[in-house]
Participant: 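Dumping the structure here so I can ask a few things about it.
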2 protein chains.
Amino acid sequence: MTAAPSEPPLPSGPSPRTRRARGAAGARRPVYDASSLLAVAVQEFNARGYDATSMEDLSRAAGITKSSFYHHVSGKEELLRAALSRALDGLFGILEERAAQQGTALERLRHIIFRQVEVLSSELPYVTLLLRVRGNTETERWALARRRAFDASIASLVAEAVADGEVRAGVEPSLAARLLSGTVNSIIEWYRPGRPGSGSLPGEVVRMVSEGIIPPA
Amino acid sequence: MTAAPSEPPLPSGPSPRTRRARGAAGARRPVYDASSLLAVAVQEFNARGYDATSMEDLSRAAGITKSSFYHHVSGKEELLRAALSRALDGLFGILEERAAQQGTALERLRHIIFRQVEVLSSELPYVTLLLRVRGNTETERWALARRRAFDASIASLVAEAVADGEVRAGVEPSLAARLLSGTVNSIIEWYRPGRPGSGSLPGEVVRMVSEGIIPPA
DNA sequence: CCCGGGGAACCGAACGGTCGGTCGACGCGG
DNA sequence: CCGCGTCGACCGACCGTTCGGTTCCCCGGG
């Protein structure tokens with residue numbers, strides 16, 4: 001089920017305002033634009049959880065008062081929506097890459113996993129937030145639906161690889177797909193950028209899920 | 001199981017006045033004991049998230065008022081503590097089993113993974129709650145610390161297996177341990193009891209992480 | 001047999017506090 | 001002097017928790 005992405009529910013609010021610093025060159029204070037405030041908010045959301053993070057927490061982390069914070073953003077849920085949208089765009093972008101659409105099912109699958117790890121790393125805070133959504137509001141349910149669609153496209157790819165006999169016999173497609181996604185997504189629990197990875201994380205992950213840990217007999 | 005087997009959490013009936021008959025044998029049994037209330041609470045916590053679940057949500061799910069609910073439990077965080085404790089006891093119990101302490105490192109590792117999947121399944125709601133705590137309160141930080149200790153013991157076992165040459169060459173121990181735990185823990189995201197698993201889930205998981213999905217060359 | 005004390009279960013109402021969000025005013029650079 | 005960014009004060013709603021009081025059942029004394 002590769003459902004076409006629909007419009008996110010936008011209850012009320014103007015279009016995202018791209019605020020710029022005062023003068024072109026002479027900005028004198030840390031002026032906050034929408035994206036930098038979003039980055040701050042997402043970091044706080046991930047540290048404490050969305051529901052446990054108050055708007056006052058966010059404004060304090062940004063260095064301004066709550067009222068000033070509201071001058072730049074339209075509301076708490078809108079921040080969440082923007083963050084989830086960014087994560088989902090990154091993930092769905094993988095599926096549209098050339099290498100994700102040509103070659104054998106196994107080749108495409110390996111490429112998608114490789115790229116998914118890369119996106120998880122580069123968009124870590126946003127994807128982290130996405131993977132913790134519970135579905136309490138309409139925005140969260142929208143994100144959950146999109147995320148399920150992404151997982152479903154991977155699952156169908158796994159099923160195709162199994163049908164083509166490209167993977168080990170006895171592998172149950174839906175179980176393998178779930179464990180695959182779970183393994184990849186679990187990276188957000190411990191990966192932190194800037195830490196000296198011994199090698200290429202995406203390559204290591206692809207190899208681990210492909211060959212397991214047992215030495216070839 | 002300590003829950004009373006006779007009575008599932010009754011839905012919000014219009015007349016909660018149906019007082020349950022005291023035990024004929026004289027054993028006085030309240031309508032709700034602590035453990036059945038805990039089960040209801042944990043289910044709600046998992047559905048909405050701990051912070052997003054109000055005490056009124058819990059009491060409504062239990063079929064009584066908020067005040068009555070407080071007659072049985074001491075507070076919200078105490079419910080959380082009891083649930084997390086149950087999950088952690090289940091996990092640490094695995095490490096004390098005989099098969100987890102004798103044999104080669106790889107044998108012990110495979111047994112622990114097998115049993116961990118079993119515990120995840122049998123104590124699903126409690127382990128689910130455990131794997132979602134963020135560390136906002138002292139109780140949550142205590143649970144996080146205990147959970148890290150469990151993961152650490154698995155990581156050291158993986159390192160031992162690598163040092164003994166029991167696993168594929170080139171496997172980085174700490175990365176493998178993290179992916180291993182991530183894969184196993186991700187089961188809570190989709191496993192639901194009662195669904196007809198085609199085979200033994202623990203066995204399938206052990207095989208998948210051991211051999212991967214690639215057919216032997 | 002009846003009666004009444006005691007306690008568990010339960011409830012409505014309210015507490016102090018925090019939440020997301022709003023509003024009017026002020027300082028200041030253009 | 002105009003408007004943007006900032007701010008303190010404030011709002012209604014809801015939070016977890018407490019309290020006073022009522023109902024129901026068991027049980028011992030007459």
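Below, chains carry the letters A, B, ... as their sequence lines are ordered, and counting in each starts from 1. Every value quoted in this text rests on a predicted model; they were computed, and no experiment measured them.
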Participant: Passes side chain to side chain donor-acceptor pair (under 3.5 Å), Thr65(B) versus Ser68(B)? Steps please.
Facilitator: CA-CA 5 Å; Thr65(B) 64; Ser68(B) 301; 3.1 Å; yes

Participant: Check Arg86(B) with Glu123(B), please: is the shortest side-chain N to carboxylate O separation under 4.0 Å?
Facilitator: yes

Participant: Between atom CG in Asp57(B) and atom C1' in dC14(D), what is the gap in whole Å?
Facilitator: 11 Å

Participant: Any idea which of dA9(C), dG21(C), dT17(D) is nearest the Met55(A) side chain?
Facilitator: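 Nearest to the side-chain atoms of Met55(A), counting from C-beta on, is dG21(C).
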
Participant: What is the distance, to the nearest angstrom, from the CD atom on Glu78(A) to the P atom on dG20(C)?
Facilitator: 16 Å

Participant: Rounded to the nearest 0.5 Å, what separates atom NE2 in His72(A) from atom CG in Leu79(A)?
Facilitator: 12.0 Å

Participant: Can you check the Leu58(B) CG to dT17(D) P distance for me, whole Å?
Facilitator: 10 Å

Participant: Can you identify which nucleotide, out of dG20(C), dC10(C), dA9(D), has its nearest atom closest to the Ser67(A) side chain?
Facilitator: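 The closest nucleotide is dA9(D).
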
Participant: Taking any heavy-atom pair under 4.0 Å as a contact, classify Ser59(B): base, sugar-phosphate, or nothing.
Facilitator: nothing

Participant: Please confirm whether Lys76(B) makes a cation-pi placement over Tyr50(B), using NZ or CZ under 6.0 Å from the six-membered ring centre and within 45° of the ring normal.
Facilitator: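 Relative to the ring axis of Tyr50(B), which defines the angle, Lys76(B) lies inside both limits.
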
Participant: Could you check whether the side chain of Lys76(B) and the base of dT17(D) have a donor-acceptor pair of N or O atoms closer than 3.5 Å, going by distance alone?
Facilitator: no

Participant: Round to the nearest Å and state the distance from Ile64(B) atom CD1 to dT22(D) atom P.
Facilitator: 21 Å

Participant: Tell me: CD of Glu56(A) to P of dA9(D), nearest whole Å?
Facilitator: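 Checked: the CD to P distance equals 13 Å.
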
Participant: Where the side chain of Thr65(A) is concerned, which of dC19(C), dG8(D), dG21(C) is the nearest nucleotide?
Facilitator: dG8(D)

Participant: I need the OH-P distance between Tyr70(A) and dA25(C), as an integer number of Å.
Facilitator: 22 Å

Participant: So, does His72(A) get its side chain near the phosphate of dT6(D), meaning an N or O under 4.0 Å from OP1 or OP2?
Facilitator: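 Affirmative; the distance criterion is met.
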
Participant: Closest approach to the side chain of Lys66(A), judged atom by atom: which nucleotide of dC11(C), dG20(C), dT17(D) is it?
Facilitator: dG20(C)

Participant: I would like to know whether Ser156(B) and Ser153(B) meet side chain to side chain donor-acceptor pair (under 3.5 Å); could you show each step before the answer?
Facilitator: CA-CA 5 Å; Ser156(B) 72; Ser153(B) 71; 5.9 Å; no

Participant: Between dG8(D), dC10(C), dC19(C), which one does the side chain of His71(B) approach most closely?
Facilitator: dC10(C)

Participant: Send over the distance from Phe69(B) CZ to dT18(D) C1', rounded to a whole Å.
Facilitator: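 One finds 16 Å between C1' of dT18(D) and CZ of Phe69(B), rounded.
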
